[in-house]
Amino acid sequence: MNRVERLVYFSLSFLMMGLAMSHLSNVVPWVDEVMFTDTAMHFMNGKGWTTNAWYSVAKQEPFLLYPPLYTMIMVLWMNVFGTTLIACRSLNLIMTQLIGLGILRICRQLGTHLSMKQIGLLIMLLWCTEDMIYMYSNGRPDLLGAAILVWIVSEMICIIKNNKKGWTIIVLLSVLLAVSGIQEVVCLYILIFLAYLMLKDQRESVKRVTVLTVFGTFIGFLLVCAFMACHGHLIAFVVNMLSYSNTLMNLAMISIPVLGDFLGIDFSLFLEKIANNTTDVPFYSRIMTIYTHPSYVALLVVILFVLLSEHKKLKSCSLYVMMKLLLVFVLSIPLLMNLAGRFPDYYYWMAYIPLFLLLVILVGFTESRISHLIIGLVLLFISAKGLAHSILQDNYSMTKAFISRCTMLKNKCVVAPFSVFYEMEKLGSRAYYLGVYPTRYIPKDIEYVILPPKNSDYGVSHLYDYYHSIHESDSLQTVMVAESTSVGLKVYKIVKKPQYNSNKP
């Protein structure tokens with residue numbers, strides 16, 4: 001890009017970032033976001049690497065399937081920008097910007113000069129599609145790993161295409177990738193494997209890339225293990241990694257009891273967690289979740305149409321093999337990730353980001369008006385769908401207002417749903433976010449219970465079970481002290497039941 005094009009890109013990109021920030025408070029917090037943010041808040045407040053919003057393990061161990069990089073960055077981020085919902089979620093907007101810059105760098109390294117049309121297309125795909133909006137609007141760490149992986153691919157292209165001899169950057173990025181997420185490492189190795197199969201003339205360079213990335217990710221994994229060991233969570237981290245894959249979980253259920261007997265260690269808590277995570281969803285159903293996803297199908301259909309209609313012209317271009325590699329990756333990543341572990345909707349970026357890159361490159365090679373019209377219509381469809389979803393007004397503002405009026409909760413020990421997390425933290429309460437947190441680890445000095453509407457939040461049934469156990473207790477009862485008819489939240493105070501003397505007249 002020349003200077004004018006860079007100015008246009010950054011102007012539009014930061015404009016979209018500003019619009020995205022205005023919609024961050026539309027979505028009520030959910031379980032995964034609270035688990036990561038709660039760990040960061042605990043660490044920031046000197047409570048260690050713990051959380052009150054995770055489940056089925058002792059000692060308040062955090063969401064240990066994920067290495068600590070995102071949470072540590074979140075600690076620094078919150079120290080600067082605060083702990084409000086918008087402040088915490090805005091970190092993923094920065095990650096989206098880094099992904100966009102990484103895609104631009106990849107295009108430049110591939111020798112593709114992006115026109116204003118391609119720049120506009122890239123911005124719309126990154127900021128306006130429903131799946132990207134979903135991913136950058138919550139506090140999960142996925143886009144951090146996505147950004148690092150995009151920049152690793154950029155370095156891989158330097159080595160493979162330009163025969164670059166340096167190794168420092170790609171090793172460092174590989175270390176960061178391993179410290180950000182195990183799933184992203186699996187995705188990287190899938191990409192390298194496909195590159196080795198398809199880039200026959202560059203296999204020596206691909207081998208070199210493989211050695212460098214394996215070395216970097218291995219160092220990163222050792223650092224994560226050392227971090228977890230220092231905080232007393234190493235065994236839990238390893239067991240939680242097993243929960244990433246149904247295949248590994250089945251093997252773990254057989255091997256861990258044998259290992260426990262040999263070492264004299266009780267792994268029953270971890271086995272319970274693995275058993276709870278095991279899914280009965282058939283493999284076919286899991287892979288069809290994305291293969292039938294409207295945005296994925298729409299983008300894939302338009303790309304296949306352009307590739308077929310422009311086949312002769314594209315076959316003679318220098319990027320034809322790279323386009324095929326991207327297409328094979330996009331088609332196979334849901335299948336291969338499910339074979340390796342699992343592929344929930346917050347991993348969909350692994351398919352969408354290469355789809356975006358492939359579509360942006362294709363637009364630069366096609367001059368067909370029909371192709372441009374189809375691309376425009378599909379982009380309009382998925383962008384309108386995404387933007388409409390992002391501006392739907394949720395009831396979080398009413399939730400926020402209601403909790404702020406519940407002054408009786410200040411500095412109290414409370415059991416609450418995930419939806420009120422950020423507002424409860426402002427009250428300085430010692431809150432336990434039920435739904436997945438095991439009730440046997442809830443302390444005995446709970447003073448209030450907040451109930452949301454039934455079936456309104458992940459794991460609400462556990463919260464209701466906890467409430468009923470108190471309400472029906474011989475020594476305790478709950479008395480409602482506040483209610484919001486607009487959002488359905490009810491606050492109950494836990495009090496001791498009066499003890500009547502049957503001998504009194």
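The line from CG of Leu335 to CG of Leu339 is 5.0 Å long, rounded to the nearest 0.5 Å. Taken from CG in Leu489 to CD1 in Ile450, the straight-line distance is 7.0 Å, to the nearest 0.5 Å. Distance OH/Tyr352 to CG/Leu299: 6.5 Å, rounded to 0.5 Å. Distance check, rounded to the nearest 0.5 Å: NE2 of His293 to CG of Leu300 gives 13.5 Å. Summarising the geometry, atom CD1 belonging to Ile159 is positioned 5.5 Å from atom CG belonging to Leu212; distances are rounded to the nearest 0.5 Å. Put simply, CG on Leu194 and CG on Leu199 are 9.5 Å apart, with the number rounded to the nearest 0.5 Å.
Between the side chain of Ser309 and the backbone N or O of Val306, at least one donor-acceptor pair lies under 3.5 Å. Asp38 places no side-chain N or O within 3.5 Å of a backbone atom of Val34 that could act as its donor or acceptor partner. Of the possible polar contacts, none joining the Trp77 side chain to the Ser90 backbone as a donor-acceptor pair under 3.5 Å is found. A donor-acceptor pair is defined here as one N or O able to donate and one able to accept, closer than 3.5 Å; no such pair exists between the side chain of Ser154 and the backbone of Val150. Side chain of Asn52 to backbone of Ala431: a donor-acceptor contact under 3.5 angstrom is found. Of the possible polar contacts, none joining the Thr112 side chain to the Arg108 backbone as a donor-acceptor pair under 3.5 Å is found. Ser383 contributes no side-chain N or O that, together with a main-chain N or O of Leu380, makes up a donor-acceptor pair within less than 3.5 Å. For Arg89 (side chain) and Leu24 (main-chain N/O), a donor-acceptor pair under 3.5 Å exists by modelled atom type. Looking at Trp349, its side chain never comes within 3.5 Å of a backbone N or O of Gly145 through a donor-acceptor pair.
Under the 3.5 Å distance criterion, with hydrogens and angles disregarded, no donor-acceptor pair is assigned to the side chains of Thr83 and Glu425. Under the 3.5 Å distance criterion, with hydrogens and angles disregarded, no donor-acceptor pair is assigned to the side chains of Tyr346 and Gln183. Residues Ser404 and Glu423 bring no donor and acceptor atom of their side chains to less than 3.5 Å of each other. For the residue pair Tyr396/Ser419, the side-chain donor-acceptor check at 3.5 Å is not satisfied.
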CA sep, side-chain torsions, deciding dist, call: Tyr9, Leu114, side chain to side chain contact (heavy atoms under 4.5 Å, CB included)
CA-CA 11 Å; Tyr9 172 80; Leu114 296 186; over 6 Å; no
With side chain to side chain donor-acceptor pair (under 3.5 Å) as the test, would you mind laying out the steps for Glu184 and Tyr347 before giving the verdict?
CA-CA 9 Å; Glu184 288 81 356; Tyr347 296 167; over 6 Å; no
Go through the steps for Phe36 and Arg140 under the test side chain to side chain contact (heavy atoms under 4.5 Å, CB included), then give the verdict.
CA-CA 7 Å; Phe36 289 108; Arg140 281 187 54 87; 3.9 Å; yes
Go through it in stages, so that I can follow the logic: the residues are Val414 and Val449, the test is side chain to side chain contact (heavy atoms under 4.5 Å, CB included), and I'd like the CA-CA distance, side-chain angles, deciding distance and then a yes or no.
CA-CA 6 Å; Val414 183; Val449 176; over 6 Å; no
Would you check, one step at a time, whether the test side chain to side chain contact (heavy atoms under 4.5 Å, CB included) holds for Thr96 with Met135?
CA-CA 9 Å; Thr96 306; Met135 283 182 276; over 6 Å; no
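Looking at Val302 and Leu379, their side chains never come closer than 4.5 Å, going by heavy atoms from C-beta outward. Residues Met35 and Tyr433 form no side-chain contact, since every pair of their non-hydrogen atoms from C-beta on lies 4.5 Å or further apart. The closest side-chain heavy-atom distance from Met78 to Thr37 is below 4.5 Å.
Aromatic ring orientation, Tyr136 versus Trp127: tilted (interplanar angle from 30° to 60°). Relative ring orientation between Tyr134 and Trp30 is described as tilted, the plane-to-plane angle lying within the 30° to 60° band. The aromatic rings of His231 and Trp49 lie tilted to each other, with the angle between the two planes from 30° to 60°.
Residues forming a side chain to side chain donor-acceptor pair (under 3.5 Å) with Thr366 (at least two apart in sequence, or on another chain): Glu310. Every residue two or more places apart in sequence or in another chain that forms a side chain to side chain donor-acceptor pair (under 3.5 Å) with Ser115 is listed here: Gln118.
Counting heavy atoms of neighbouring residues, nucleotides and ligands inside a 6.0 Å radius, atom OH of Tyr189 exceeds 12 of them. For Leu15, the CG atom sits in a packed shell: over 12 heavy atoms of surrounding residues, nucleotides or ligands are nearer than 6.0 Å. The local environment of NZ in Lys117 is sparse, with at most 12 non-hydrogen atoms from other residues, nucleotides or ligands closer than 6.0 Å.
In this structure, the ring of Tyr296 has its center no less than 6.0 angstrom from the ring center of Tyr348.
Judged by a 6.0 Å distance limit and a 45° cone about the ring axis, Lys454 is positioned over the six-membered ring of Tyr464.
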Show which side-chain atoms of residues 168-180 pair as donor or acceptor with protein atoms under 3.5 Å away, not counting sequence neighbours.
unit_1, atom_1, unit_2, atom_2, d
Ser174, OG, Ile170, O, 2.7
Ser180, OG, Leu176, O, 3.3
Ser180, OG, Leu177, O, 2.8

